[in-house]
Undergrad: 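Attaching a single structure in structure tokens format; questions to follow.
Predicted, not measured: the structure shown is a model, and the values here were computed from it.
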Amino acid sequence: MIDRLFVFNSSYQSKEALFSNVSNLLVETGHVDISFEKDLLNRELTYPTALPLEPPAAIPHTDGTHVLKDAIVCVLNTSEMEFHALGGTPEDLVYPRLVFVLALRKGENHLQILQSLVDHLQNAQFVNQVLASESEDEFQSLVASCF
């Protein structure tokens, strides 16, 4: 079972602030150990996770070694945050407001979730609906269709 946590209308100014707060949430809820945040930051530097779509989104994640209980944190931020683009050069930046932080133990679960998310995020109409969510309930309902 994968727990879903939601952060609606957050006001993070950077991906680092988002990573810090989401990692703290995951530690507090018993989903990850304290090393999750450091690995999340390091992995994002080496293998960026922002999809250069319109509108863009990001799917930061680590390997499962820091995960105690599977979870996905779905974040809708009020403003854009700078991320490096997946598969791009260091100069290729994207600015998503929609972020899914994955904390998953098993590799095959990880790949299935990633594929499902990418499929949904490639649908600009769907992403625009999520971005226009007026309530946390609406946000949760829309995002629930991704997994």
Undergrad: Under 3.5 Å, is there a donor-acceptor pair between the T78 and N9 side chains?
TA: no
Undergrad: If every non-hydrogen atom of T49 is compared with every non-hydrogen atom of L86, which pair is closest and at what distance?
TA: C-CB, 4.4 Å
Undergrad: Just by modelled atom types, is the F126 backbone N or O under 3.5 Å from a matching donor or acceptor in the H120 side chain?
TA: no
Undergrad: For the residue pair S35 / D33, report whether a side-chain donor-acceptor contact shorter than 3.5 Å exists.
TA: yes
Undergrad: Test R105 against every option in D70, I2, L68, T65 by the side chain to side chain contact (heavy atoms under 4.5 Å, CB included) rule and name the one that passes.
TA: D70
Undergrad: Decide whether V7 and V27 are clustered together by the hydrophobic rule: side chain heavy atoms of Ile, Leu, Val, Met, Phe, Trp, Tyr closer than 4.5 Å, transitively.
TA: yes
Undergrad: Would a hydrophobic clustering, with Ile, Leu, Val, Met, Phe, Trp and Tyr connected at side-chain separations under 4.5 Å, put L18 with V73?
TA: yes
Undergrad: If you look only at pairs with a residue in residues 8-30, which of them pass as a ring-ring contact (aromatic ring centres under 6.0 Å, His included), with sequence neighbours excluded?
TA: F8-F139
Undergrad: Which value, rounded to the nearest 0.5 Å, describes the distance between Q140 atom CD and L142 atom CG?
TA: 10.5 Å
Undergrad: When rounded to the nearest 0.5 angstrom, what distance separates OG1 in T62 from CG in N42?
TA: 10.5 Å
Undergrad: Less than 3.5 Å apart, any donor N or O on the side chain of Q115 or D119 sitting next to an acceptor on the other?
TA: yes
Undergrad: Does F83 share a hydrophobic cluster with V22, counting links as ILVMFWY side-chain heavy atoms below 4.5 Å and allowing steps through other members?
TA: yes
Undergrad: Out of curiosity, L26 CG to N21 CG, how far, rounded to the nearest 0.5 Å?
TA: 11.0 Å
Undergrad: Please, which pairs that meet salt bridge (Lys or Arg N to Asp or Glu O under 4.0 Å) have at least one residue in residues 58-69, sequence neighbours excluded?
TA: D3-K69
Undergrad: Taking all non-hydrogen atoms of both residues into account, name the closest pair between H84 and P48 and its distance.
TA: O-CB, 3.2 Å
Undergrad: With a 6.0 Å cut-off (strictly less than), is the heavy-atom count around CG of L45, excluding the residue itself, greater than 12?
TA: yes
Undergrad: Can you see which heavy atom on P52 is nearest to which on A85, and at what distance?
TA: CB-CB, 4.3 Å
Undergrad: Considering non-hydrogen atoms only, spot the tightest contact between A124 and E54 and give its length.
TA: CB-O, 3.5 Å
Undergrad: Quick one: ring-ring contact (aromatic ring centres under 6.0 Å, His included) pairs with a partner in residues 24-50, sequence neighbours left out?
TA: none
Undergrad: Check L131, V75, N77 against L98 for a side chain to side chain contact (heavy atoms under 4.5 Å, CB included) and give me the one that passes.
TA: L131
Undergrad: Any link between F100 and L53 through a network of hydrophobic side chains (Ile, Leu, Val, Met, Phe, Trp, Tyr) touching at under 4.5 Å?
TA: yes
Undergrad: Quick one: which of L121, I113, I72 gives a side chain to side chain contact (heavy atoms under 4.5 Å, CB included) with I59?
TA: L121
Undergrad: Hey, could you give me the CG/CD distance between L117 and Q112, rounded to the nearest 0.5 Å?
TA: 12.0 Å
Undergrad: So, taking the atom named NE2 in H66 and the one named OG in S23, what distance separates them when rounded to the nearest 0.5 Å?
TA: 10.5 Å
Undergrad: Between L104 and A71, what is the shortest heavy-atom contact and its length?
TA: CD2-O, 4.0 Å
Undergrad: Following the transitive rule for hydrophobic clusters with a side-chain heavy-atom cut-off under 4.5 Å over Ile, Leu, Val, Met, Phe, Trp and Tyr, establish whether V127 and V94 coincide in one cluster.
TA: no
Undergrad: Side chains of M81 and Y95, heavy atoms from C-beta outward: is any pair under 4.5 Å?
TA: no
Undergrad: Do we see a donor-acceptor contact under 3.5 Å between the side chains of Q125 and Q129?
TA: no
Undergrad: Quick check for you: to the nearest 0.5 Å, what is the distance between E138 atom CD and L76 atom CG?
TA: 10.0 Å
Undergrad: P60 and E44: which non-hydrogen atoms are nearest, and at how many Å?
TA: CB-OE1, 3.7 Å
Undergrad: Has the side chain of Q13 got a donor or acceptor atom that lies under 3.5 Å from a matching backbone atom of S11?
TA: yes
